[in-house]
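I have placed the structure first, in the form of structure tokens, so that the comments after it can refer back to it.
Residue numbers start from 1 in every chain, and the chains themselves are labelled A, B, ... in the order their sequence lines are given, proteins ahead of strands.
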Amino acid sequence: MYREFKHLNLPAIDAEILQFWEDEKIFDRSVEQRDPANSFVFYEGPPSANGKPGIHHVMARTVKDIFCRYQTLKGHRVERKGGWDTHGLPIELQVEKELGITKEDIGKKITVEEYNAACRATVMRYKDLWDDITRRMGYWVDLDNPYITFENDYIESCWWLLKRLYDKKTASGESFLYKGFTIQPFSPAAGTGLSSHELNMPGTYKEVTDFSVVAMFRVKRDDQAGFLFDNTDEDVRILAWTTTPWTLPSNVALTVGPNIGYAKVKTLNPYTGAPVSVVLAQDRLSAYFNTEDENKPFDEFKVGDKKLPYQVVKTNIKGSQLTGVRFEQLLPTPAASTPELEARAFRVITGDFVTTEDGTGVVHTAPYFGADDFRACKAAGVPYIGLPNPKAPDMPFPLVDRTGRFVDEVPHFGGRFVKEEYYTEGERKAPDFKPTDLLIALHLKESGKAFKIEKYKHPYPHCWRTDKPVLYYPLDSWFIRASAAKERMAELNKTINWKPASTGTGRFGQWLENLQDWNLSRSRYWGVPLPIWRTEDGEEEKCIGSVEELQKEMEKANAALGLSQQVPADLHRPYMDEIVLVSPSGKPMRRELDLIDVWFDSGAMPYAQWHYPFENQEKWKRNFPADFIAEGVDQTRGWFYTLHAIGVMCFDSVAFKNVVSNGLVLDKNANKMSKRLGNVVDPFETIDTYGADATRWYMISNAAPWENLKFDAQGIVESRNKFFGTLFNTYNFFALYANLDGFKMDEFNVLPYDRRTELDRWIISKLYSLVAEVREAFDDYEPTRACRAIEDFVDEHLSNWYVRLSRRRFWKGEMGEDKLAAYQTLFECLMVVGQLAAPVAPFFADWLYRNLTAPVKNTAKAKNTPLRHDSVHLSDLVQPDPSKVDEALEKRMDYAQRICSLALSIRKKERLRVRLPLQKLLLPVLDASFQAEVEAVKALILAEINVKELEYITDASGLLKKSAKANFKTLGAKLGKDMKDMANLIAAFDNEQINALEKTGSLELTVNDNAYTLTPDDLLVSTEDLPGWKTASDGALTVALDVHLTDELLAEGTARDLVNRIQNIRKEKDFNVTDRVVITLEKHPAVLPAVALFQDYIKGETLATDLVLTDKFKGDKVELNDEVQLGIEVSLN
RNA sequence: AGGGCUAUAGCUCAGUUGGUUAGAGCGCUACACUGAUAAUGUAGAGGUCUCCAGUUCAAAUCUGGAUAGCCCUACCA
């Protein structure tokens, strides 16, 4: 027996199937039964279990699950090792919040050991919730043996990779892992560097008003600058704007855009009235000069005047021409002066970041206090300015110390805080208090070096902890020289199949093009310690690549330094910090205190998850690179990048071949989900209510995964009702009648397709077209296309056409070949649809498969046939089979569907109910093949629309009036401008002209004196309404209906109405579909002709043994039509 | 600020290499159909294809620009 159900209950199906999967270990078996040599490699991007799973995780994991299940169905072995991301700042911040401490308290109020223990205890906090959602949503991943990034084995693999980078050298001999300087956000008030994460916290960027200055840099006259001077004593100055005057003492260069045009302008110093020539970008002239003042006499100007006379003396000076021009230092600090600085600094350099949107088109460049500045100086070989650093002469100490004050050696401003916010409230309220920026501006004004001083409002980052402004400040960091591999990364990136492609070429590709070195250092506590030990003078260092190597080095150190160290049981801080190694020259070496960026952890997972290369070398070889990964698009520069970067730099290989980057899950109004807005969707609740499959199906079918999903539970309801509801009903229908007829699928007695009906062969053809389409879509990582195709098939074709038109075959008569064909056909459709849907709807698909196969499971197992599997997920995906696809058949069935639809629309318009038979349908035919095609599906059409006969109207009948429309596609190219006129000409064609063209195959026409030859393809011919008939048309297809009624037709219509009412009564009374009944009808004139002519028909349809007419009817009456109320009684025989 | 994605009916989305009535589902209205129905059919209402300009005989589609939303990156002086 096939199981039958009252209603669709998806959550109940989830529960049943989940239990079954667990009892029978279906996931394990689905992996184990496949050949390791035929693997499909998937990498799981590790989630962090210190947060609760959200609905977006369901989305991301559905995408992962779909392709893993699909590849499994295709016969691949798809191992899915789960993983947990356990390090990183968010975890530390959470712990600090819960303990009520700040970073500064670590090592003081709490030991590093205790702190890290707290982190370790936190990271798996919500593991249970994660395990639960994983299970309930049907995501198959191996969480029994996950990789965990804090485990020693994992850390050791990371070290191994780092060492590999340390040993790897560029062509010029530079290591891929090096220590360097960068300009990083730094909070002097908190005394700490800030991560970009901290800078991205809400509220860090605030609108502030700063004193901005346009400073005047005096050009030194030499060969290079000669062209800027008209005479020897001319005072030429370059204008540069800054919103941070405190950086001016650290200025070493001016940066211009190489392709920007600059102008030299003769004018006066607005504050002193002294004649001066200034250089600035042409495009910026209007910002500083008013054209009304151009060429006005200079001697009329008085200091304080608003109108500044000027004269443009030179234009179109390219930035590149200015390169190398030297200028006098603006605010010299004698203590910082060196011969090196005098020789190579204070000159104009170029940078592509320069714009002319504001300022002067010249950027004041202070390398220690701006990342762009730093890079520009580095590239141009301009030295940095600061107090002498004996250990590193090219890295002098900045002129601002780590508390945010100018060092004492800076004239006029030594000891002052550079930002007024660093002073106490009291100090700032003092009557004579002036911010340092203002003091600098005034100083410049007095010394004739300021061109313009004004307040400027702009957003500026603030420290989230102290609320004080952040400085950009030079800090030591360890870097991975990613920039040296960027060409190779870009090259290999082109071999990756990105979904969507634009993420690969756009967001990711452009990121690679502008790749900077990877700043690996984090001055934190809970993470992978950087395995580098250095002597105190930095002269000697050692990078450790394994625990064994560490052990050996420690033994060496123990011997040399008389210690008794042992490799700690935990490779985290603080234990690693305590280890002292010995350098080749015998000096002690201590670990660089940095941790590495957690993104390195996750990018290392292809290797570290297997503890490669210390274990599993073979396994790793088989599992690298991944065939497929998927994650949110926000990971493009996160996980996707780190995987790629490590893969390319360490193994000269991509790390993944196909990648799906899914979009965000927003609420239904396209707002981001946040606790604050209270619009967060609880995934557990959603799955409980609607079932996992409906949720998954909705998410995937609604829009492509890489689009943002506007999550609306109403959409899940729609998926549930429309797709699952329909499929469920179709199955239930099958089960109901199969049980009545005792039908069981017999794989050894399958009726050949050529002995099945047209309709059977049609749905089989549609089914195998679907198989091809769905496989193609999944192969192409287009799950949405697959879902929509399946949905369309189930709804439009299977349920609404095949089942609807076949119903009679299932309930009428005894089991015979036709009935068998119907059962076998429907069975095959359900079976295959279940398989195709299985990747997306794993629960329902398995439920369907198991219901369909249960009655034959034992036989199938015994005989080893395709239905033997315990689960659809253990089965082999049906192969595409072109021999089962009959395009001509699909085409003529399409005609049938359209003709029916048209005929029904006429009935609707004429208010002729479908139960009322009509005599004739007229069909104008335009060509013989059309007629032949329709003839093959004629019976279907007539039955569906309840019409007795079909008559074709040809040209010969004289009834047919054709009309033609131009085929723009074929004609457009050859006609060009004459197209419109030709279209009008063709629209006016009559039958003869159309027929003439069709007969001879060509027609000469002249339009606007140009001669053209038309072919039949250039016309789109259709028929016009037949006068005197009720017609409807759809494109080239027109049908006409004979609406003339006879007594007999009316009687038959009434008979069918009676059948319908009687059937309804049977249903109401809950009779079994096989029960025999006796019908008593009220003797009413309206039904007499029907009973007289169609008594046998009525009895046959309703399984009535007797039909009695009576004058004295008692009991309830039934509405037969608008006018007639009729007494009908149906009782069991 | 830069880069990326998106913009089509009230809502969710299709829309082939540009081709002439811009579609589907949901929702709404009305009428049908049903011996599977949490279904279905037919009809109606509902569109400045975000805006502007360009290319073209022809633009939802191609190009440029603008606007809005979102994502990523970012001290632009």
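Atom CD of A:E782 and atom P of B:U16 are 14 Å apart (whole Å). Counting to the nearest Å, the P atom of B:C57 and the NZ atom of A:K980 are 10 Å from each other. Atom C1' of nucleotide B:A38 and atom CG of A:D795 are separated by 13 Å, given to the nearest angstrom. In this structure, the CG atom of A:L805 is 17 Å from the P atom of B:C33, given to the nearest Å. In this structure, CD of A:Q184 is placed 12 Å from P of B:A74, rounded to the nearest angstrom. The CG-C1' distance, from A:N800 to B:U37, rounds to 11 Å in whole Å. Here B:U73 presents its C1' atom at 13 Å from CG of A:D372, a figure rounded to the nearest Å. Rounding to whole angstrom units, CD of residue A:E791 and P of B:A14 are separated by 13 Å.
Look at A:Y737 and you'll find a side-chain N or O under 4.0 angstrom from OP1 or OP2 of B:A36. Residue A:S901 places at least one side-chain N or O closer than 4.0 Å to OP1 or OP2 of B:U42.
Across B:C26 and B:G41, the matching P atoms stand 8 Å from one another, rounded to whole Å. Between the P atoms of B:C71 and B:G54, the separation comes to 35 Å (whole Å). Nucleotides B:C72 and B:C62 place their C1' atoms 28 Å apart, quoted to the nearest Å. With C1' as the reference atom, B:C13 and B:A60 are 15 Å apart, rounded to whole Å. For the P atoms, the distance from B:U63 to B:U6 is 12 Å, rounded to whole Å. Spacing of C1' atoms, B:U16 relative to B:A59, comes out at 16 Å, to the nearest Å. Nucleotides B:A39 and B:U48 have their C1' atoms positioned 37 Å apart, rounded to a whole Å. Between B:A53 and B:G47, the two P atoms lie 23 Å apart (nearest whole Å).
Taking only side-chain atoms of A:R913, from C-beta outward, the nucleotide of B:C71, B:A32, B:A39 with the closest atom is B:A32. Side-chain proximity of A:N721 to the nucleotides B:C71, B:A38, B:A36 is greatest for B:A38.
Relative ring orientation between A:F734 and A:F743 is described as perpendicular, the plane-to-plane angle rising above 60° on a 0-90° scale split at 30° and 60°. Between A:W518 and A:Y641, the ring planes lie tilted relative to each other; the angle falls in the 30° to 60° range.
For the residue pair A:Y1012 / A:D978, a side-chain donor-acceptor distance below 3.5 Å is found, with atom types taken as modelled.
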Per-nt protein contacts along nucleotides 25-31 of chain B (heavy atom under 4.0 Å; B base, S backbone sugar-phosphate only, - none) come out as SS----B
Counting primed atoms, P, OP1 and OP2 as sugar-phosphate and everything else as base, the B/S/- map of nucleotides 2-13 of chain B against protein heavy atoms under 4.0 Å is -BBSS-----SS
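Residue A:L975 is classed as having no contact, given no heavy-atom separation below 4.0 Å to the nucleic acid. Among the atoms of the strands shown, none is found under 4.0 Å from any heavy atom of A:L736. A:A371 comes within 4.0 angstrom of a nucleotide base, judged by non-hydrogen atoms across all strands. Residue A:G715 is classed as having no contact, given no heavy-atom separation below 4.0 Å to the nucleic acid. Note on A:V717: nothing from the nucleic acid sits closer than 4.0 angstrom, heavy atoms only. Within the nucleic acid shown, A:N729 comes within 4.0 Å of at least one base atom, counting heavy atoms only. The residue A:N1060 sits close only to the backbone: its heavy atoms come under 4.0 Å of sugar-phosphate atoms, none of a base.
Across all strands shown, B:C26 pairs with B:G10; the Watson-Crick or G-U wobble distances both stay below 3.5 Å.
Mapping A:R1066 and A:V354 onto RNA chain B via the closest heavy atom, the residue that lands nearer the 5' end is A:R1066. RNA chain B is contacted by both A:G359 and A:K977; A:K977 maps to the nucleotide lying nearer its 5′ end (nearest heavy atom per residue).
The structure places CG of A:L254 at 5.0 Å from CZ of A:F217, a figure rounded to the nearest 0.5 Å.
We find that A:D1075 and A:R1066 are not joined by a salt bridge, their nearest charged nitrogen and carboxylate oxygen being 4.0 Å or further apart. A salt bridge links A:E782 to A:K499: at least one charged side-chain nitrogen sits closer than 4.0 Å to a carboxylate oxygen.
In this structure, A:F5 and A:N851 have side chains that are in contact, with non-hydrogen atoms separated by less than 4.5 Å.
With respect to A:V256, the side chain to side chain contact (heavy atoms under 4.5 Å, CB included) criterion is satisfied by exactly one of A:V279, A:V354, A:V362: A:V362. When A:R808, A:R907, A:R807, A:R804 are each tested for a salt bridge (charged side-chain N to carboxylate O under 4.0 Å, His left out) with A:E944, only one passes: A:R804.
Checked against side-chain contact (heavy atoms from CB on, under 4.5 Å), A:K452 has the following partners two or more places apart in sequence or in another chain: A:V214, A:Y288, A:E454.
In summary, the aromatic rings of A:F733 and A:F810 are positioned with their centroids under 6.0 Å apart. Taking the ring centroids of A:F186 and A:Y472, they lie at or beyond the 6.0 Å cut-off.
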